[in-house]
Amino acid sequence: MLVFLGMEKQLVVQDIFIYPIKSLGGIRLMESEVEERGFRYDRRWMLVDEEGMFVTQRVYPQLALLGVKLGEGGLEVFHKTDPSKCIEVPFDLATGPEVMVTIWDDQVLAKAVHSDFDRWFSEFLDFKVRLVVLPETSHRKVDPRYAVNGESVSFADGMPYLIIGQESLNELNSRLDSPVPMDRFRPNIVFSGGAPYLEDSLREIKIGGLGFKIVKPCARCVLTTVDQQSGKQGKEPLKTLSSYRSVNNKVYFGQNVVALSLGKIRIGDPIQIQK
């Protein structure tokens with residue numbers, strides 16, 4: 001127990017990430033507002049095809065080439081290899097019709113943003129897509145097996161937050177011929193300190209005074225094999241992870257989390273283990 005408490009004192013928030021448009025580039029922030037659905041702006045927008053099905057890097061790895069920045073009035077989307085190709089999506093713009101969209105097994109009512117953005121993204125992908133936003137009035141519920149207080153979630157795969165320890169990535173990289181960066185795993189919170197895979201043993205934590213519940217391990221997919229700078233796909237790190245982090249034919253890395261309280265967290269905040 002004394003060793004465990006010693007680890008606790010060393011845990012610090014190292015990185016905070018959001019991914020405003022699902023499956024596009026992430027943004028590192030110095031601080032962020034903790035909301036029930038996830039960090040503010042995290043995965044509140046999404047691309048869907050003509051049938052309303054979500055569009056993902058799993059099938060279209062070239063989406064990794066689209067970076068996103070937070071501007072004063074909206075999202076700035078740009079092509080990473082040709083920044084002159086860019087477009088700004090206002091935060092408060094949703095002039096299109098309501099659209100029923102599908103993300104995994106869930107259907108939720110979204111709002112189309114504007115046809116101008118549909119054309120821009122469709123030209124990039126070379127097939128018709130639509131940009132939609134999740135209104136505050138739509139509620140996509142967290143799987144009741146893992147919800148704590150009946151939480152809703154954004155367009156994230158299933159849970160509002162994902163936490164990973166930097167030491168876990170360091171340990172994985174020690175097994176790889178070519179190390180991979182943390183962006184392969186699209187976490188929201190990265191912490192420094194502790195042992196590799198410490199997050200697997202956590203149940204409740206406090207970050208900057210705010211409570212979080214660790215609810216389930218995160219199963220990983222082929223998206224982890226997409227280089228987020230080039231959009232090219234390989235076999236690692238999923239191949240190596242599957243050799244030692246596989247349970248019932250699923251490969252796990254990181255932990256899914258729900259927020260128990262709302263407020264703001266910052267890089268450098270200490271993480272206290274509650275349970």
Side-chain angles (χ1 to χ4, degrees), residues 13-48 54-57 60-99 101 103 110-125 129-138 153-156 160-162 181-183 186-190 208 223 226-231 259 262-269:
V13 175
Q14 172 184 299
D15 302 294
I16 295 171
F17 294 103
I18 62 171
Y19 311 86
I21 304 178
K22 185 175 179 65
S23 253
L24 270 62
I27 304 171
R28 185 178 187 266
L29 301 176
M30 295 303 296
E31 60 182 34
S32 189
E33 289 287 339
V34 175
E35 299 177 349
E36 177 185 314
R37 300 180 183 205
F39 283 133
R40 181 168 295 176
Y41 302 128
D42 185 39
R43 283 168 275 221
R44 301 305 201 272
W45 291 263
M46 182 170 70
L47 295 172
V48 298
F54 77 110
V55 175
T56 167
Q57 278 189 43
Y60 306 102
Q62 64 267 38
L63 286 170
L65 293 174
L66 294 181
V68 183
K69 295 179 181 179
L70 286 182
E72 287 190 11
L75 304 176
E76 299 173 8
V77 184
F78 61 94
H79 197 297
K80 292 179 181 178
T81 61
D82 185 1
S84 65
K85 296 179 180 178
C86 58
I87 196 166
E88 183 170 343
V89 182
F91 289 133
D92 57 357
L93 183 64
T95 60
E98 290 185 334
V99 183
V101 300
I103 172 171
K111 186 83 172 169
V113 178
H114 193 280
S115 58
D116 287 348
F117 306 110
D118 301 344
R119 284 191 289 270
W120 194 88
F121 286 108
S122 297
E123 183 176 330
F124 172 79
L125 284 167
V129 293
R130 174 177 275 183
L131 180 67
V132 299
V133 65
L134 184 65
E136 289 298 321
T137 53
S138 287
V153 62
S154 65
F155 288 135
Y161 296 92
L162 174 64
M182 187 65 84
D183 63 10
R186 300 175 75 82
N188 295 112
I189 301 167
V190 179
L223 197 152
V226 178
D227 185 311
Q228 294 298 300
Q229 299 308 310
S230 69
L262 310 181
K264 184 178 288 188
I265 70 168
R266 300 170 176 84
I267 288 177
D269 278 349

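Computed from a prediction, not measured in an experiment: that's the story for all the values here. We count residues from 1, following the sequence as given.
Side chain of Lys80 to backbone of Ala64: a donor-acceptor contact under 3.5 angstrom is found. Using modelled atom types, one side-chain atom of Tyr161 and one backbone atom of Gly38 make a donor-acceptor pair closer than 3.5 Å. Checking side-chain atoms of Gln57 against main-chain N and O of Leu63 turns up no donor-acceptor pair under 3.5 Å. The closest donor-acceptor contact from the side chain of Asp269 to the backbone of Val13 lies at 3.5 Å or more, if one exists at all. A distance-only check finds no donor-acceptor pair linking the side chain of Asp15 to the backbone of Val190 [under 3.5 Å]. Asn188 contributes a side-chain N or O that, together with a main-chain N or O of Phe17, makes up a donor-acceptor pair within less than 3.5 Å. The closest donor-acceptor contact from the side chain of Ser138 to the backbone of Leu134 lies at 3.5 Å or more, if one exists at all. In this structure a side-chain-to-backbone donor-acceptor pair under 3.5 Å is present from Gln228 to Val226. Judged by distance alone, with hydrogens and angles left aside, the side-chain atoms of Tyr19 form a donor-acceptor pair with the main-chain N or O of Pro187 at under 3.5 Å.
Of all the heavy atoms in Gln62 and Leu125, the pair that sits closest is NE2-CD2, 3.8 Å. When every heavy atom of Ile27 is checked against every heavy atom of Pro20, the shortest pair comes out as CD1-CG, 3.7 Å. For Ile16 against Ile267, the heavy-atom pair with the smallest separation is CD1-N, 3.8 Å. Closest heavy-atom contact between Leu223 and Ser23: CD1-OG, 4.1 Å. Shortest non-hydrogen contact noted between Phe91 and Gly74 is CE1-N, 3.3 Å. Shortest non-hydrogen contact noted between Glu36 and Leu262 is N-CD2, 3.7 Å.
No side-chain heavy atom of Leu47 sits under 4.5 Å from any side-chain heavy atom of Val132. You'll find the side chain of Leu24 reaches within 4.5 Å of the side chain of Phe121, heavy atoms only. Side-chain contact between Leu162 and Ile189 is absent, with no heavy atoms from C-beta onward closer than 4.5 Å. Residues Glu136 and Arg37 are in side-chain contact: their nearest non-hydrogen atoms beyond the backbone lie under 4.5 Å apart. Side-chain contact between Asp118 and Arg130 is present, with at least one heavy-atom pair separated by less than 4.5 Å.
A cation-pi arrangement, defined by a distance under 6.0 Å to the six-membered ring centre and an angle within 45 degrees of its axis, is present between Lys69 and Phe78.
By the 30° and 60° cut-offs, the orientation of the rings of His114 relative to Phe117 is perpendicular.
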Steps toward side-chain contact (heavy atoms from CB on, under 4.5 Å) verdict (Met46, Val101): CA-CA 10 Å; Met46 182 170 70; Val101 300; 3.9 Å; yes
side-chain contact (heavy atoms from CB on, under 4.5 Å) evaluation trace for Ser115 with Thr95: CA-CA 9 Å; Ser115 58; Thr95 60; over 6 Å; no
Check against side-chain contact (heavy atoms from CB on, under 4.5 Å), Phe155 and Phe54: CA-CA 9 Å; Phe155 288 135; Phe54 77 110; over 6 Å; no
Trace of the side-chain contact (heavy atoms from CB on, under 4.5 Å) decision for Val48 with Val129: CA-CA 5 Å; Val48 298; Val129 293; over 6 Å; no
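Between Glu31 and Arg266 there is a salt bridge, with a side-chain nitrogen of the basic residue lying less than 4.0 Å from a carboxylate oxygen of the acidic one. Note on Arg44 versus Glu35: salt bridge recorded, some NZ/NE/NH1/NH2 to OD/OE distance being below 4.0 Å. A salt bridge between Asp183 and Arg186 is absent, with no side-chain N of the basic residue lying under 4.0 Å from a carboxylate O of the acidic one.
Crowding of Glu123 atom CD: a count of heavy atoms from other residues, nucleotides or ligands under 6.0 Å not exceeding 12.
Lys111 NZ to Glu98 CD: the interatomic distance, rounded to the nearest 0.5 Å, is 5.5 Å.
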